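What follows is a short report on a single structure.
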Amino acid sequence: MLKILIIDDELDALEVLEWKLKTYVSNISITTCSSANKALGLISEINPHIVFLDIQMPEMNGFSFLEKLSNRNFELIFTTAFDEFALQAIKENAIAYLLKPIDKIELIAAVEKARKNVYRESLEMKVDAMLYSMKPTTPKINISADGKIYFLEAQDVVMLQSDKSYTTIYLVTNKKIVVSKTLKEVEKKFYMNSFYRVHNSYLVNLDHVKEYLKRDGGELILTNELTASVSRNKKSELIEKLQLNV
């Protein structure tokens with residue numbers, strides 16, 4: 001099921017879009033938000049597959065909203081009553097730019113395009129995981145950065161952290177490798193059972209977890225005294241993976 005988040009300060013426009021999606025698109029769940037500030041927290045909480053984002057909003061515009069996200073793991077569809085932002089929307093890799101009032105045919109086409117992208121990425125992840133599980137030995141992980149190719153042992157990697165379009169890999173030696181790719185792209189190389197995405201911004205090696213702090217979703221203390229926040233929707237699965245009695 002596709003998880004959709006609609007962000008629009010105009011309640012009428014928000015409700016109309018929600019109605020159109022429920023009427024014309026199947027197999028979806030919808031969350032709505034009229035505040036861009038509140039939506040920043042919702043992104044990490046619900047991990048939407050698609051975000052419909054209004055551009056002109058009072059707290060911050062849609063482009064400023066995107067700048068505040070440390071990581072973007074969703075398909076983006078802009079909605080607006082104005083057409084002068086189309087070029088900037090293209091630069092943000094939006095899959096659609098829908099002018100209000102939103103046309104039914106264009107809406108359906110945009111969602112189906114997003115659905116195909118989400119399905120393809122999910123399938124690629126499952127295939128990578130299956131192929132990895134079939135390998136008789138654990139290969140080294142090759143990472144391209146700084147004009148070099150690093151060959152890393154899985155046990156030497158403590159954590160990966162997202163910083164918008166960059167990813168920092170933290171090693172047990174306290175060395176950091178900064179990769180000019182998103183965490184979503186880099187994590188495809190880390191489909192070992194020991195690695196788990198605990199938050200939009202963090203992929204951790206569970207073998208390096210030292211402590212689990214109970215608060216909201218929680219926080220992990222890792223070797224090298226690194227910390228990683230745990231999103232609320234990842235908490236239950238993480239507790240199960242760590243076999244915690246909390």
Side-chain angles (χ1 to χ4, degrees), residues 1-18 21-22 28-80 89 92-95 111 114 117-118 121-122 159-168 182-187 196-204 209 211-222 226-242 246:
M1 178 175 288
L2 280 180
K3 292 184 289 184
I4 294 176
L5 174 62
I6 305 173
I7 307 169
D8 197 323
D9 67 294
E10 297 179 15
L11 292 180
D12 288 346
L14 188 151
E15 290 172 358
V16 167
L17 178 53
E18 182 182 18
L21 285 167
K22 288 181 177 178
I28 58 174
S29 65
I30 302 175
T31 302
T32 62
C33 187
S34 59
S35 165
N37 280 326
K38 290 181 180 178
L40 289 172
L42 279 176
I43 292 289
S44 59
E45 185 176 328
I46 68 176
N47 289 317
H49 296 112
I50 305 173
V51 171
F52 283 86
L53 181 62
D54 186 25
I55 293 180
Q56 291 191 319
M57 297 181 287
E59 296 172 329
M60 69 183 86
N61 67 34
F63 301 115
S64 297
F65 173 84
L66 294 173
E67 287 177 1
K68 289 182 177 293
L69 295 177
S70 59
N71 193 37
R72 198 171 98 190
N73 283 330
F74 53 80
E75 300 296 325
L76 175 64
I77 299 175
F78 279 115
T79 61
T80 180
E92 291 291 347
N93 294 319
I95 64 169
V111 174
N117 288 350
V118 171
E121 290 172 2
S122 175
M159 178 180 80
L160 291 82
Q161 182 177 9
S162 168
D163 182 13
K164 295 184 179 178
S165 58
Y166 293 87
T167 299
T168 301
T182 65
L183 180 56
K184 185 176 183 179
E185 295 174 288
V186 178
E187 73 172 326
Y196 182 63
R197 186 75 170 268
V198 298
H199 188 279
N200 270 349
S201 299
Y202 298 101
L203 176 71
V204 303
V209 173
E211 299 176 20
Y212 172 71
L213 306 181
K214 302 178 185 179
R215 60 178 75 151
D216 295 324
E219 187 175 49
L220 295 176
I221 308 298
L222 309 170
L226 296 171
T227 62
S229 299
V230 180
S231 61
R232 292 179 183 176
N233 65 323
K234 295 286 187 176
K235 181 177 179 180
S236 297
E237 188 173 353
L238 174 66
I239 288 173
E240 183 177 335
K241 282 181 172 292
L242 292 175
V246 297

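Note: hydrogens, waters and symmetry copies are ignored here, and every other heavy atom, side chains too, is used. Given the structure is predicted, the values throughout are model-derived calculations rather than measurements.
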Check for a donor-acceptor pair, side chain of E211 on one end and backbone N or O of I221 on the other, with a separation under 3.5 Å.
no
Distance-only, no hydrogens or angles: does the K3 side chain make a donor-acceptor pair with backbone N or O of I46 under 3.5 Å?
yes
Checking side-chain contact (heavy atoms from CB on, under 4.5 Å) for the pair L203/T167: CA distance, chi angles, key distance, verdict?
CA-CA 10 Å; L203 176 71; T167 299; over 6 Å; no
To the nearest 0.5 Å, atom OG1 of T32 lies from atom CD1 of I4 at 12.0 Å
Drop me the distance from Q161's CD to T227's OG1, to the nearest 0.5 angstrom.
8.0 Å
Compare all side-chain heavy atoms of V186 with those of Y166 and state whether any distance is below 4.5 angstrom.
no
CD-CG distance between E237 and L242, expressed to the nearest 0.5 angstrom
10.5 Å
Minimum heavy-atom separation for S35 to E59, with atom names?
OG-OE1, 2.9 Å
pair L238-L220: side-chain heavy atoms closer than 4.5 Å:
yes
Tell me the closest heavy-atom pair linking A228 and V198, and the distance in Å.
CB-CG2, 4.4 Å
Can you confirm whether L11 sits close enough to S34 that some side-chain heavy atom of one is under 4.5 Å from a side-chain heavy atom of the other?
yes
Qualifying residue for side-chain contact (heavy atoms from CB on, under 4.5 Å) with V51, from I77, T31, L5:
L5
Compare all side-chain heavy atoms of L2 with those of E75 and state whether any distance is below 4.5 angstrom.
no
Hey, are the side chains of N47 and K234 touching, using non-hydrogen atoms and a 4.5 Å cut-off?
yes
Any non-hydrogen side-chain atom of K184 less than 4.5 Å from a side-chain atom of R72?
no
Has K235 got a side-chain atom pairing as donor or acceptor with V230's backbone, closer than 3.5 angstrom?
no
What I'd like to find out is whether the side chain of I7 reaches to under 4.5 Å of the side chain of L42, using heavy atoms alone.
no
Among D8, L17, N61, find the residue that satisfies the side-chain contact (heavy atoms from CB on, under 4.5 Å) test when tested with D54.
D8
Can you check whether L183 reaches R197 side chain to side chain, under 4.5 Å on heavy atoms?
yes
CZ of F74 to CG of L69: how many Å apart, nearest 0.5 Å?
5.0 Å
Measure the spacing between CG of N117 and NE2 of H49 and express it to the nearest 0.5 Å.
12.0 Å
Decide yes or no on side-chain contact (heavy atoms from CB on, under 4.5 Å) for Y196 and V209, but give the supporting numbers first.
CA-CA 11 Å; Y196 182 63; V209 173; over 6 Å; no
So, taking the atom named CG in L213 and the one named OG in S229, what distance separates them when rounded to the nearest 0.5 Å?
10.0 Å
Worked verdict on S231 versus N233 for side chain to side chain donor-acceptor pair (under 3.5 Å)
CA-CA 6 Å; S231 61; N233 65 323; 2.8 Å; yes
